Amino acid sequence: MPNAVLSAHQIDQFKREGYLLLDDAITPTQVAQLNNDFSGWVEQSRKHKKAYGKTLDGRPRFDVETDHSAVHPSLRRVASPTEISSTCLDLVKHSAATQAVADLIGPNVRFHHSKFNSKLPHTSTVVKWHQDFSYEPHSNDDTITVLIFVDDVTLDNGPLLLAPESNHGPLHSLWHNGVFTGAVSDELAQQFETEAVPCTGKAGSACLMHGRVAHASRANNSNAARTLFIYCLTAADAVPLSPNPLPSKYAGLLVAGQEPQYVRGSQFEIELPEIPKGASFFEQQAAAKS
Ligand SMILES: O=C(O)CCC(=O)C(=O)O
């Protein structure tokens with residue numbers, strides 16, 4: 001079957017390095033619509049001092065950073081936006097980014113979860129080194145996180161940092177001294193820092209990242225926001241091994257191909273994650289010292 005959007009070279013690059021940057025993955029109109037949705041939520045967040053709203057499992061939908069205030073909003077996470085934004089749902093179902101994922105792990109692909117991660121200007125949100133697959137293990141590791149750039153992402157506004165080829169390495173523990181820290185050990189984090197490649201690009205670009213790729217990001221000390229719309233897709237024959245950390249009425253929706261008549265397993269050992277009780281994984285990463 002011919003590939004929908006990716007060249008053989010791009011597919012090879014993804015398989016080797018574990019990620020791929022797509023320019024113009026969504027249209028300028030879609031970028032404007034995402035920005036419009038997110039700006040509305042930022043305005044709303046000024047009225048709140050802590051996480052608020054409700055998702056399917058009763059946890060807060062909107063999560064704010066410790067430096068959040070009415071005059072200096074620091075809305076860091078919107079959980080499951082596919083339920084409150086038709087633009088998000090439409091992108092998950094129909095974008096070139098989703099078609100590209102079908103080229104990589106398809107033809108049969110399903111939706112797992114979505115979120116916005118934002119770092120508004122001069123905010124302190126950091127993401128510690130981790131692999132997404134350890135937060136959302138499946139029976140096989142054909143899982144891809146799609147990170148859509150809602151703003152231009154530069155070296156200055158806290159870009160995603162990736163450890164190339166870490167998709168070929170082990171699944172690292174996110175548990176330390178019996179506590180789920182949601183992050184790899186300090187020693188490993190230092191090693192990944194030395195290999196880190198920043199993922200920068202214009203608004204409308206998308207980074208497709210294999211679920212085993214180690215990644216992190218630093219605070220935004222610039223005047224420009226860095227907001228990402230993020231969604232996770234899996235091969236349709238991959239069955240979740242733990243509860244969805246971001247439950248949604250659309251979880252499991254087929255976004256490409258057909259329902260497979262089988263389940264596929266691949267060989268690995270993995271520690272099951274702790275399901276967040278608070279608004280987001282930021283609380284797990286902040287609460288625990290790795
Ligand atoms: O927002 C970022 O920079 C990284 C996002 C991420 O790693 C996550 O939400 O799992």
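Just so you know, ligand 1 is whichever comes first in the structure, and atom 1 is the first atom listed for that ligand. It should be emphasised that the depicted structure is a prediction, and the values quoted were computed from it without experimental measurement. The basis for the numbers below is simple: all heavy atoms, side chains too, and nothing from hydrogens, waters or symmetry mates.
Between the side chain of D103 and the backbone N or O of V5, at least one donor-acceptor pair lies under 3.5 Å. Put simply, the side chain of H168 gets close to the backbone of K15: a donor and an acceptor are under 3.5 Å apart.
Of all atoms in ligand 1, listed by their number and element, those nearer than 4.0 Å to a heavy atom of S217 are 2 (C), 3 (O). Within the listing of ligand 1, atoms 8 (C), 9 (O), 10 (O) sit less than 4.0 angstrom from a heavy atom of F281. The atoms of ligand 1 that sit less than 4.0 Å from any heavy atom of D132 are 10 (O). Atoms of ligand 1 found under 4.0 Å from any heavy atom of L160 (numbered from 1 in listed order, with element): 4 (C). Atoms of ligand 1 lying under 4.0 Å from any heavy atom of K115, numbered from 1 in the order shown and given with element: 8 (C), 9 (O), 10 (O). Short contacts between ligand 1 and R77, defined as distances under 4.0 Å to a heavy atom of the residue, involve ligand atoms 9 (O).
Across every non-hydrogen atom of F133 and D141, the tightest pair is CE1-CA, 3.6 Å.
Atom 10 (O) of ligand 1 has its closest protein heavy atom at H130 NE2, 3.1 Å. Ranking protein heavy atoms by distance to atom 7 (O) of ligand 1, first place goes to H215 NE2, 2.9 Å. Scanning the protein heavy atoms around atom 5 (C) of ligand 1, the nearest turns out to be N117 ND2, 3.1 Å.
Clustering ILVMFWY residues whenever any of their side-chain heavy atoms sit less than 4.5 angstrom apart, transitively, puts V42 in the very cluster that holds F116.
By the criterion of a heavy-atom distance under 4.0 Å, the side chain of R226, and not its backbone, is placed next to ligand 1.
The six-membered or imidazole ring of F229 lies near that of Y231, with a centre-to-centre distance under 6.0 Å.
Residues E65 and T123 bring no donor and acceptor atom of their side chains to less than 3.5 Å of each other.
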| query | Between N108 and D237, is a side-chain hydrogen bond (donor to acceptor under 3.5 Å, both in side chains) present by the stated rule, with each step listed? | reply | CA-CA 8 Å; N108 308 323; D237 57 11; over 6 Å; no

